[in-house]
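Each chain gets a letter, A, B and so on, in the order the sequences are listed, and its residues count up from 1. Note that the structure is predicted; figures quoted are calculated from it, not measured.
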4 protein chains.
Amino acid sequence: MAESAGVRREQARRTREGVLEAAAAVFVAQGVQAPVREIAHRAEVGVGTVYRHFPTRADLVTAVYRHQIDACAELAPRLLAACDTPSTALHRWTGAFVDFLVTKHGLGAALGSEDPGLENLHAVMVDTLVPACAELLGACVDAGEVRADVTAYTLMRAVGNLCITGPDYDQADARRMVDLLLTGCRTTS
Amino acid sequence: MAESAGVRREQARRTREGVLEAAAAVFVAQGVQAPVREIAHRAEVGVGTVYRHFPTRADLVTAVYRHQIDACAELAPRLLAACDTPSTALHRWTGAFVDFLVTKHGLGAALGSEDPGLENLHAVMVDTLVPACAELLGACVDAGEVRADVTAYTLMRAVGNLCITGPDYDQADARRMVDLLLTGCRTTS
Amino acid sequence: MAESAGVRREQARRTREGVLEAAAAVFVAQGVQAPVREIAHRAEVGVGTVYRHFPTRADLVTAVYRHQIDACAELAPRLLAACDTPSTALHRWTGAFVDFLVTKHGLGAALGSEDPGLENLHAVMVDTLVPACAELLGACVDAGEVRADVTAYTLMRAVGNLCITGPDYDQADARRMVDLLLTGCRTTS
Amino acid sequence: MAESAGVRREQARRTREGVLEAAAAVFVAQGVQAPVREIAHRAEVGVGTVYRHFPTRADLVTAVYRHQIDACAELAPRLLAACDTPSTALHRWTGAFVDFLVTKHGLGAALGSEDPGLENLHAVMVDTLVPACAELLGACVDAGEVRADVTAYTLMRAVGNLCITGPDYDQADARRMVDLLLTGCRTTS
DNA sequence: GATGAATGAGGTTTCATTCAT
DNA sequence: GATGAATGAAACCTCATTCAT
């Protein structure tokens, strides 16, 4: 009986993972507003199953990107330790952030969206990434490399917005614009 | 008869203006994807009236912003003539552009949207504003004030994206981020 | 003043004729259910004008075909006088009727329709054409050429139905089918 | 689980049947162009349910009549085997076809309609019934009972048209007209 | 836990018809 | 008489979401 419960739990976990994978794929293809049916179909489960695991769309979006958000946050201190200067670390970190956002079709837009259905995701990203960004930014400011009047939150929103790509404004464009923005943040010597 | 026709035409024009005003207000509150019903209701007309004046949503969105888009484009040569340096003109122009975009909630997003219903608006903005921006940018490059590897289109998309505001990222933030971006575009002397 | 009234009346008559012509053309192209706007546009008048002259669609449809309906009815006695046998006259009359119906796209369908908006037209056709057809049919029966158990109304409905054409069942098909039907009505000798 | 799935599937099947019955009834009353809402309401389901089972109107119309169309087609060889002469079989088959068409108000009209929403149904009827009719017709021609210049398709269209009934032209009239048409198709000996 | 059928609100669009000028 | 802008009912179709099994 205890075992059967464990087996069932394991099944549920696998179902959950399957939904997450399907959602990730569908989000890339159609954006985070894709029909739930589409995701359920791709995961080969019923729509009810999606709703059981993720009651709101934001829960699903958040869960889909949580791993990567966490990984992105954890990257900050590692880069700070590994790079010669804080600003190098900041540049590389934003580079990683851009790559993350751009490859998730619609995530940049979701970040900046006021859609109440996405505020949950918004909160997660802010809570997780802003401190990471703030750590890098603070180090840069302390080192006199970056102006002190830029907040981590504002910078992240700006970077997030710059990552809203399209046919005529692609990942490379986004990277260059973010680089220019960071360059503009340098203290003018 | 000629007079009555003129009166009627005048009435129609006022209705049209009313729809435009209502649409502008609704767009600010809900974005450019707001339901047509909402706009019709706010304008105190039937939905059919909205469709009569603006057969597609893009027609409406375009009409709402056309005046300002044109005004913005016309500002470019005037600033170029009035300012001491091209880069000053560029800064002031982007400042005006940001003010325009930010006060029209959702227009920045519309500029970058791939939504087929907005491609018309997209085309108008690109056709009108990119040349204006290119003129300023070219002058800056010729004066050696700005790096030559930034295209007017990409810059406009970036500025447009930076103007997607929200409760925690407002017009002042957008202006500062755009300024930093432009600063980053300067030739490092 | 009397003259100006006459002039005005003449104007109105011409407007009316213009609407009729436009309606006839539109009916051929799109069927009798075509949008009123289409007809008004083609006639280069306002929709209100169409409604003033023809309050209901049936009024318009009826008016459009009235001339031809009358001409068709008047043909019956002339054919009866001119042809050697009544059945020849009947054949030639139905031939003319078929040509009339088939070239008026949708009229055959309108004849058989129960659409309350068309009952007026239905009544006109019945009142005008059934007596004409009955005259021919009666002569045929009297001459022993056609069975006595076919009513003029039923025959007309049948012919009307057979004239509902389409891409794979055209005017020639309709004519042949009507001919076969008439052949079937002959008294078997 | 397997059982509950079976129960659910059974429920769905009943819903589907309910929709079909409702659609059949509404089609009789209002023709095959009746609003989907009407059908949904009569079936006591939501419109979404109708769309789930029958994505397009043609799917619904086709499903409503499919059984009877098939039964009609299958009747042809059986009659051919059972009757003394091919022409008797043809007469009885068209009689059955007429009964089928007339009791399904609007189906005759649908058969001849150019409405793109009905082309599917049109195709089904043509594909299923024309071969059946052709078999009978061919046998009649081979037996020298019917003229060779009538195609199965044209005959079916003609019969379909003759089955467009109304208050003053009912099923009995349709049957008699079809009989006369067939009589007219006989080789004159 | 999983299912997916059913629901129905919500969006779009079309046109017949009215009415003030 | 003529006009055509305005109206709004009505049809379509799509999903997010619920719930009985």
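- Residue whose closest nucleotide on DNA chain F sits further toward the 5' end, between C:V50 and D:T56: C:V50.
- Nucleotide F:dT21 is matched to E:dA2 when pairs are restricted to Watson-Crick or G-U wobble geometry with both distances under 3.5 angstrom.
- Using a 4.0 Å cut-off, no side-chain N or O of C:T15 falls inside it from OP1 or OP2 of F:dG1.
- If you take CZ of C:R52 and C1' of E:dT21, they are 13 Å apart, rounded to a whole angstrom.
- The structure places CG of B:L101 at 9.0 Å from CD1 of B:I69, a figure rounded to the nearest 0.5 Å.
- A salt bridge links C:R13 to C:E10: one of the charged nitrogens lies within less than 4.0 Å of a carboxylate oxygen.
- In this structure, CD1 of B:I39 is placed 12 Å from C1' of E:dT12, rounded to the nearest angstrom.
- No donor-acceptor contact under 3.5 angstrom links the side chains of C:R8 and C:Q11, judged on distance only.
- Along DNA chain E, the nucleotide closest to B:G48 and the one closest to A:Q11 are compared, and the more 5′ of them pairs with A:Q11.
- Residue-level contact check: B:E44 touches the backbone only, with heavy atoms under 4.0 Å from sugar-phosphate atoms and none from bases.
- The NE2-C1' distance, from A:H53 to E:dA2, rounds to 8 Å in whole Å.
- In this structure, B:H41 places its NE2 atom 11 Å from P of F:dG8, rounding to the nearest Å.
- In plain terms, the two heavy atoms of B:A63 and B:R16 that are nearest each other are CB-NH2, 4.2 Å.
- Mapping C:V45 and A:P35 onto DNA chain F by nearest heavy atom places C:V45 closer to the 5' end of the strand.
- The shortest distance between the side-chain N/O atoms of B:T49 and the OP1/OP2 oxygens of F:dA5 is not below 4.0 Å.
- Side-chain polar atoms of A:D59 and A:T62 form no donor-acceptor pair below 3.5 angstrom.
- One interatomic measurement links the two molecules: CD of A:Q33 to P of F:dT14, which rounds to 18 Å at whole-angstrom precision.
- The nearest whole Å value for the distance from the OH atom in D:Y51 to the C1' atom in E:dG8 is 13 Å.
- The base of E:dT12 lies outside donor-acceptor range of the side chain of B:R57, with no N or O pair under 3.5 Å.
- Within 4.0 Å of A:V47, counting heavy atoms only, lies at least one base atom of the nucleic acid.
- Atom pair B:R37:CZ and F:dA9:P shows a separation of 10 Å (rounding to whole Å applied).
- The nearest whole Å value for the distance from the CZ atom in B:R9 to the P atom in F:dA6 is 13 Å.
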